[in-house]
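Remarks on the structure that follows.
Just so we're clear, the structure is a prediction, and the values are computed from it rather than from any experiment. Numbers restart at 1 for each chain; the letters A, B, ... are given by sequence-line order, proteins then strands. Atoms considered below: every heavy atom in the structure, side chains included; atoms not considered: hydrogens, waters and symmetry mates.
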Amino acid sequence: MAQVFHRSSNMISRASILGALLFLGGLSCALWGITMSPWYTEQNVTRQQPVPFSHRHHAGELGIDCRYCHTSVDKSSFAGLPPTQTCMTCHSQIWTNASMLEPVRASYRTDQSISWTRVNALPDFVYFDHSIHVSKGIGCTTCHGPIAEMPLTYRAGTLYMSWCLECHRQPEKYVRPKAEVFNPFYKPPANQLELGRQLVKEYKIQSLQYCSTCHR
Amino acid sequence: MDSEGSQKIAVASAPEPLIGPGHTLETVTDKISSIVLTRGTTPGWVFGFAIAFCLLMLLNVVITLLMVYGVGIWGINIPVGWAFAITNFVWWIGIGHAGTLISAILLLLHQKWRTSINRFAEAMTIFAVMCAGMFPLLHMGRPWLFFYLMPYPNPMWLWPQFRSPLVWDVFAVSTYFTVSLLFWFVGLIPDLATLRDRAKNRAAQVIYGMLSMGWRGSAVHWSRYEFASLLLAGLATPLVVSVHTVVSFDFTIAIVPGWHSTIFPPYFVAGAIYSGFAMVLTLAIPIRKYYHLEDLVTMRHLNIMAKVMLATGIIVAYAYIVETFMAFYSANLYERYMMMNRMTGPYAVVYWALVACNLVIPQALWSGRVRRSIPALFLISLVVNVGMWLERFVIIVVSLHREFVPSKWDMFYPTRWDWATYVGTIGLFFTLFYLFIRFLPMISIVEVRSLVHETNEEKLHSKLHS
Amino acid sequence: MTENSSSKNSIDLVAARARLAQQGGKRFWQSLEELSDSKEFRNFLENEFPANAERESDAEGINRRDVLKLMAASAAMGGLGACTKLPMEKIVPYVRPPEEIIPGKPLFYATSMQLGGVATGLLVESHMGRPTKIEGNPEHPGSRGGTDVFTQASILGLYDPDRSQTVVFEGRLSSWTDFIAAMGNARTSLAAKGSGMRLLTRTVTSPTLGAQIRGLLEKYPEARWHQYEVCGGDSVRGGTRLAFGKPINPVYHFEQADVVVSLASDFLASGAGHVRYTRDFSSRRDLAAGPSSRLNRLYVVESMPTNTGAMADHRLPLRASEIEDFARQLAAIVGVSVPASTNTSTAKVPANWMTALGRDLSSRRGSSLIIAGEEQPPFVHALAHAMNAALGNVGKTVVYTDSLEVNPVNQLESLRELVGDLNADRVDFLVILGGNPVYDAPADLNFGSAFLKAKLRVHSGLYNDETGELCHWHVPAAHYLESWSDARAFDGSVGIIQPLIAPLYGGRSAHEIISAIVGDNKSGFNLVRDYWQTERPEKDKSFEALWETTLHDGVMAGTSLPPVSVPLRSDFVGQASAPAAGDANALELVFRPDPAIGDGEFANNAWLQEVPRPITRLTWDNAAMVSPATAAQLGLRSGDYVALKLGSREARAGVFLVPGHADNSLTIHLGYGRTRAGKVGTGPGFNAYLLRTSAAPWTARGVQIEKLGKKYAFASVQHQYTIDFEGHPADEESENAFRRDLVQIATLEEFRKNPDFAKNPADQSTKGLSIYPGFKYEGNAWGMSIDLNRCVGCNACVVACQSENNIAVVGKDQVIRGRSMHWIRIDTYFRGGLDNPEMYYEPLPCMQCENAPCEYVCPVGATTHSPEGLNDMTYNRCVGTRYCSNNCPYKVRRFNFYLYSDYKTPSLYAMRNPNVTVRSRGVMEKCTYCVQRINAAKIRSEEEDNRAIRDGEIVTACQQACPAEAIVFGNINDPNSRVAKLKAQSRDYSLLEDLNTRPRTTYLARVRNPNPEIHG
C-alpha cells in the first residue's frame, strides 16, 4: 500500500528534534535576557519627576554635599528626601520665578508635599540601612552610580540580590576611605584591592551574607 | 483437593501456556489492533470515560481553589502539616513501580510472561507518576514558586538546599517519569507502525505514522529497537529501587517518631511493588474480560501476579512487625508512645483497617483456589490498594498529630476538598487510561507474536519426541 | 474652621456609609471571614452551636468570597517571590520637617493607660508619628517596665476601624459644633441649680477631670455625679469602709512578704497595681542565690483557677461563698475575735491545713500578707485587714493611703440611685462618659428601659455601642493615645497622659466634653496643664521644668499618696451580716471579668479575643465552667450546650470543664454576648449579665442547668480531647508532658538536696555528640532563659509579640482547626489529678536550636542558621512545604494557610511595625528573637566605633512586656551577661534534651515552696 509519508519527512523529523532542543535553549536564554534587561530591572531608566531635578547641577556643578538634602543618610536606615523647605532655602532667593520650580513654590504655599517618583526602591521584605553602609566606607556612588553626572536621576544598579552579594562577598572591591564616602567624583585608585583589604580590616567590615541581615 | 493436585502436576510437567490455543501471528495482530482500529468507541468505554472525565474536572476545580485561596481549604494544620497530599503522592508513586518492574527487570530476567501485560503496566506507571507528580506542587503554600526547588542560575545567587529530601524527590521523580515515558514509547513504535499500516482512515494513518517515526521493520530497525529496549531497561531497573527509596527519605531523614526509621527504604520499595501489582490486577481483570483477552492475559499471568503480591505483601508484613517490635525494644519513650497511639489512639481504627487490608486478607493468596478465582483476586487487589493508601496515611498523619510536645497535639480531619483532590487524581489517571486503551495497543503485539512463535516451536518439539 | 470640621465629618461618614453598605459592615473582618468559613462563623456567632462537621464547610465560605480580589492578592504574592516587576512607587517628603523626627528612627513617648481608673505607665514607640508598639515604663511605679495584655493590645484598640467616627444625633450625622450648640441649649433649658442633670462616669482618678466635675457640681449644686464600673472595686472600698470607717486605698508590698494568703484574690492578673504586684511577687520567687535563697510561700483559696492560683504553693478549691467561712476560721486562728461560721462547708479544708497555715502566718509576723479578692464581699476584705493588723503587717507588707479616686463611692449604690431618679422622672439631662451601662448594668435594675426616661441623653465612648445607640447624642471618645489627661497609679502617683497622635476619628476626651457641657470649651491640653500649674506639688519650683520632666518620665515626682495610719474599728465584726447559710448542694454561680476582654470593654479587640485564656486556653468565647467532678455528677460533658436558669433569668452557654475548679460551683466570664461591639466583638460567647443582679453581683446561689441536647464547639488551643475522654476525665497531654520532662519541678527541700534535679545525667553525657562539626560562634551568640518560677502565665508576652511582629489574627474557626498564629504560646499542664491539680505554665517561643531539625529539611533554604545562632526565617524565599514545621519537635512554627494578614483595612497599615515583613499566604513564620531589634542594636553599636553590644541593650518584645521578669535575652558568649549567668544556674534545662537539638532557649526549673506540715 501507499506510503503515508514521503521519504523527506525523515529529514523533517530529525530537524524537528534538533529544533526542539534549540528552541528550549533559546527560550531560557531569552528569559535570562529579559530578567537582566533595563526594561525589567529599570536600570539606567530615568523617571518622570514633577520637577526635573538635576543631581548633575546640584551635586556635581554646585558641589552641594549629599547630606545637605539627604540629611538622615548617616543617621538612619532611610537616607531622607529633602522637605520642600530645604529647596526653598535657596530657591526663595534664586530662580524665584523659574516656571519649572513652580511645583516647589506651590508645595511651599499650599503645604502640600511634592510627590516624587521613587528611583531606587527595594521590595518591602528587604531591609537596607543607609547609615551602616555609609559609616563603613561605602560611598554613595558605589550603589547610586555617577550621580553627579545625572541630569535626571536613574537607577544605577539592578538592585538584585546578586548585585548586593557582589559587594557583601568582597567588600574590599568597593570600600573607600570614609573621607571619600560623600565625594560624588571619587574614582577607585589603581590599588583598590590592597587599599580595600586594609580598609576592611580598619573599619572592621564583616562580609554578612546570612538571611536575617536583610530579610526579617 | 484432588483437582488441585492434578493441577499442580500439570503445571509441573508442562507450564500452562502464556497464550491461548490456536493463536497464529495473524490472529494476535488482528485481535489487538482491532480493539483500536475496528472495534470503535463502545458505549461501555464512553460511560467509563465520562465518569473519569468528570472526576478530572473536579480536580480542575480543586486546583483552581488551591491557587486562589491556598492550602487552607484542606484540613491540615500545625502539627499535621502534611496529610492527604503527601499520602496520595506516595501512593501513586508506589503504584507506578509495578510497571517498571515488569517491563524492565522482568525483561532483563527473560520472563516471557511479562509480554502481554507490560504494555498497560507501563502505561499505568506513566499515568500514576503524572498523578503523583502533581502533589509535591499542589501541597506547597506558594506553588507558583516551585522553580525555587530547581537548581538554575538566578539573580538571587541562590541554590536549592541540597540536604533536603524534597529536592532529591524533584530529581528522582522527574528522572523516573522521563525514563518510563521513553521506555514505553520505544516499545510502542513497532506496534504504532502496525496500526499505521492497518489504519483505514487517513487521519489515523498520519497520526500513527508520525508516532511510529518511520518504522519499516528493517533488520537495522529491529536491532536498534532491541538495543534501545535493553538499554532503557538497564536504566529503569535501578529506578525501581531508587525512586521509592528516595521517597522514603522524605520521612526517614526527619526526626518525627514513626518516620525516623532505617527500614523504610526496603519497606517502601516492597510496598510500592505490592500496591503496583495490586493495581495491575485491578486494571487487567476487567479489561481482559471486557475485551475478551482471556487467551492473551491468561490465568497463568494472574496467578503469577498474585504470587508476586503475596511475596511483597509478606515483606511489608515483616516491616510492620519489625517496626512494632523496635518501637518497644528500643525503649524509646517517643517511639513507644507513637506505636501505642497508632494502636489505641484516636486513629486506631485506621491502623487496624490497614493491618486487615495489607496483612490479614492477602494471606488468602496462599491458596491456589483463591489465586485462580478471578472475583477473589479482583477483590483482594482492591483491598490491597486501599490498604496501601491507609498505610501512608497512618505513617504521615498519625505520626504527626501527636508528636513530641503534647501541648501541640491536634487532630486532622479531612475536608471535602481533601477528598476531592484525591478522587480528582484518580479521575486524571483513568481519563488517561481510557484514552490509552482506546487509541493505543494495550498489549504489545510484537512481543506477543514472539510468544506465538515460541509456543508453536514447543508444540513441534513435543510432537517430535512423542 | 467649624465648616471644615462638619463637612469633613460628613464626607467621612458618607464614605463610611458606602463602605458599610457594600460590605455589610464587615470591613475589618472581611479578611478573617475569607479565612474562617463564613457560614460556619455565622453559626458560631448567631446560633452559638456549630454544625457537627465544622471542618468540612469551606464551600459556602468560598462561594461568598471575592475571587478576583484574591487572585490579585496571589499575583501580588508572586511579587514576594521577586519574579514580577516591582510596581512604580511614589515618595513624599515633608513640606516643613517636624522637630526631632529622623525618618526611619522610632521615638518613644511616656504616657499612661487606665484600667478601672488605675494607671499603668507606658512608653509608646512611634514611627514618624504613628504609635506602633506599647512598652512598660520603668520609671512608673505601676509598671516598672512591665505590662499586661490590656495595655499591649490597646494599640489595636487605637486603630480599630470599628471605633465610632462621628458625632451622632438621634441616629443621624452631626458634628462637634452642633453638639456644642446643643449643650448650650441644654444649659439654658436646665434649672438654675441644675437639678435633673446627671453625670455617669466610670471610676475617676484623674485629678483634672475630678476638678472639672467638682467645678460642674459647684455650678449646678443639684446636679448629681454617679460612677459605675462593673469591676470598680466596690468590695475593696466596702472592706476598708467596714474596717476603718472610710474608704481608703490598700497598697501591698509583696516583695516584703514571706507568706501570702490570697482569699480568692487574683492579684497577679487583675485589680489595682497587678502589673507591679507581679513584679514584686516574682522577685520573691527568685533562686539566683541557689539553694540558700529564700522563697515566699503562697496560699490560695479560690473557686475558679486563676493565674494566682496556678502560682500557689498550696491551692484549695473552695466555692466563692465558702471563702468567708474560711476567712473567719483563719481570722480566729491568727487572733481576730470573730464568730466562727455556722456553715459546715469548710469541712472541705484538710485538717492540718488551717493549723499549719495559722502557724506559718504567726511565725511570720510583719512579713506575711493576707489579701482578699475583688469578687469577695466587703466583710472578707475587712477580715483580711483585721488579720493583717493582728499579724503586725500594717506598715510593712500593707500600707494604707487615701483613696486614689476623686470620689470613692459604692458604685453599685450610685448606679441604683441613678436608676431610682430615672424611674422617678427626675432626670432631664443624662451624660454618660465612657462605660456601657445598657449592656453591663445589673439585670434587675433594667437600666436599658429606665434611662430612656431621661429627656436628653448624651453618650461618649470609643464605640457607638449598646448605650450610645439609645442616646440622643453620641460623641466619639478620644483613645488614651489620642488625648491629654492624667491618672493615678495604684500608689497614687500621677502620670500625665499625653497623645501620641491626633484623634484618628475626631474623638474628644472626657475633659473636652465636660468643658463643652460647662460651656468653656477648653482643649484637653490646656485643662490638664492649667490644673497642674495651680495644683502642682512644691509650688516654689518652676512649673515648666516639672511639666517637662513629668512628660519625659511619665510620672510626676512627689505625687504618690503618703501612708495614712487609721485605727481598725473593733466593732466591724459585729456589723457583719452572718454568712447566708445556703445549702451546700445548691449549685453556685460565680461571675468574673473575662481574663482578656474584661467586662466587655475590650470585646472588639481581636488580639484579646484570640489570646488563649489562662488555664482554660480558651479563645473567642466565654463558657459555663465547672469542675470535672461536678460535670460528671450533673451528667455534663465538655461542649454540651446548656441553659443556665437563675430564677426567671436565663442564659445559654457551652459547658467547659476546668481542672481544679471548686465542685458544686460554676464560673462564667463577663464581657461576651455583645450586640453592638463591632465586627469582632458582636456575637461571640453569651451575655452573662443577663444573670447578674445587683443583689448578687458576684456570687449567686441555686442556678439550674438544663441540657439543650446540642454541642458547642470551643476554640481551645490545648486539652482538646483529654478531659471527658469516654466520660472519664483524663489529661493525657499533661501526663505525657511530665513523662517527657517538659516541665521540671522540685520542692524547695528537694532542690536543696539536689540542686541539679533538672538535669538528666544520661543527656548530659551525650550532650554535644554529633558526627557533624558544630557551628563556631565567635562574637555574639544569642540565647534566652525563661524562669518557670517567675512566669505567672499572664499572656503579656503573647500579645506583645503579636504587636511587635505583625502577627495576624485568624478567628475562631481557624483556631478550632489548629491554626492559631501566636509565635510564643503559654503551654499549661496539670499535675496530680483533676480535682485540685498543681498547674504549670511554660512559655514556648522558637527554641533557636543549634542543631535545628527545621533547617536541613527546607528544600529552598528559607530557614537557615545565622552565625549568631538564630534560625533565620526568610519569608520571601519560603514556598510553604511545611516540612520544617513537621520536623520541629517543639511545633513553634506557624503557617499562613490562608491570607491571614489584613491587606484591606487602611487604618491597620499604620499600626504595623515597619521593621517586620507582613507575611502573606502560603508562608511559614516563627519567632526570630525579634531579629529586627537585634539588627538595630548591632548597627548602632558598630556605628559607635564598633563597640560591643551592651548586655540588656537588646530586649525582645516578650522580655520587655513580662511583668515578672521571667524572660531574659542576651549574648551567651559573654559570661557576665544576665542570660549567661541564668543559664549557669543549676536549674537550667532544655526541652527534649535527648534529641540533641541544643536549643538556645532554655528554662529554669520550677521550684515550689510547700509547707512541710501540709506537704508531709
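A donor-acceptor pair under 3.5 Å links the side-chain atoms of A:Ser113 to the main chain of C:Pro93, judged by distance alone. Looking only at distances, no side-chain donor or acceptor of A:Arg216 sits under 3.5 Å from a matching main-chain atom of C:Thr917.
Looking at A:Lys136 and C:Glu942, a side-chain N of the basic residue comes within less than 4.0 Å of a carboxylate O on the acidic one, giving a salt bridge.
Using a 4.5 Å cut-off on side-chain heavy atoms (C-beta onward), A:Cys211 and C:Arg877 make no contact.
Put simply, CD1 on C:Ile939 and OG on A:Ser135 are 8.5 Å apart, with the number rounded to the nearest 0.5 Å. Note that NE2 of C:His865 is 11.0 Å distant from OG of A:Ser212, once rounded to the nearest 0.5 Å. The CZ atom of C:Arg96 lies 4.5 Å from the CG atom of A:Asp111; values are rounded to the nearest 0.5 Å. For the atom pair CG (A:Asn120) and CD1 (C:Ile91), the distance works out to 10.0 Å, reported to the nearest 0.5 Å. To the nearest 0.5 angstrom, A:Asp129 atom CG is 11.0 Å from C:Arg940 atom CZ. With rounding to the nearest 0.5 Å, the separation of CG in C:Asn876 from CE in A:Met161 is 8.5 Å.
Contact annotation for C:Glu925: neither backbone nor side-chain heavy atoms come within less than 4.5 Å of a heavy atom of chain A. Heavy atoms of A:Ile114 lying under 4.5 Å from chain C belong exclusively to its backbone. Heavy atoms closer than 4.5 Å to chain C are found nowhere in A:Gln49, neither backbone nor side chain. For A:Tyr108, the parts sitting under 4.5 Å from any heavy atom of chain C are the backbone and the side chain alike. The part of A:Gln112 that comes within reach of chain C is its backbone (N, CA, C, O), which places non-hydrogen atoms under 4.5 angstrom from that chain. C:Asn805 does not touch chain A: none of its heavy atoms, backbone or side chain, sits under 4.5 Å away. Heavy atoms closer than 4.5 Å to chain C are found nowhere in A:Thr71, neither backbone nor side chain. Heavy atoms closer than 4.5 Å to chain A are found in the side chain of C:Thr864, but not in its backbone.
For NZ of C:Lys90, the number of neighbouring non-hydrogen atoms (other residues, nucleotides, ligands) closer than 6.0 Å is greater than 12. A 6.0 Å sphere centred on CD of C:Glu944 holds more than 12 heavy atoms belonging to other residues, nucleotides or ligands. Applying the 6.0 Å contact sphere to CE of A:Met36 captures more than 12 heavy atoms from other residues, nucleotides or ligands. Residue A:Phe185 qualifies as enclosed at atom CZ: its count of foreign heavy atoms under 6.0 Å is above 12. In the displayed structure, A:Trp32 atom CH2 is contacted under 6.0 Å by more than 12 heavy atoms of other residues, nucleotides or ligands. In A:Asn44, the CG atom is crowded: over 12 heavy atoms of neighbouring residues, nucleotides or ligands sit closer than 6.0 Å.
Of the listed residues C:Glu868, C:Gln932, C:Met873, C:Lys938, the one with more heavy-atom pairs under 4.5 angstrom with chain A than any other is C:Gln932. Interface remark: of the candidates C:Asn935, C:Ile102, C:Val931, C:Ile934, C:Asn935 forms the most heavy-atom pairs closer than 4.5 Å to chain A. Ranked by heavy-atom pairs under 4.5 Å with chain C, the first of A:Gln85, A:His215, A:Arg118 is A:Arg118.
Contact record, A:Tyr210 with C:Pro867: CD2-CD, 3.1 Å, taken as the closest heavy-atom pair. Nearest heavy atoms, A:Ser76 versus C:Pro103: OG-O, 2.6 Å.
Side-chain atoms of A:Ser131 and C:Glu943 include a donor-acceptor pair closer than 3.5 Å.
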Would you please test C:Met88 and A:Thr117 for side chain to side chain contact (heavy atoms under 4.5 Å, CB included) and show each step? CA-CA 7 Å; C:Met88 189 75 86; A:Thr117 304; 3.5 Å; yes
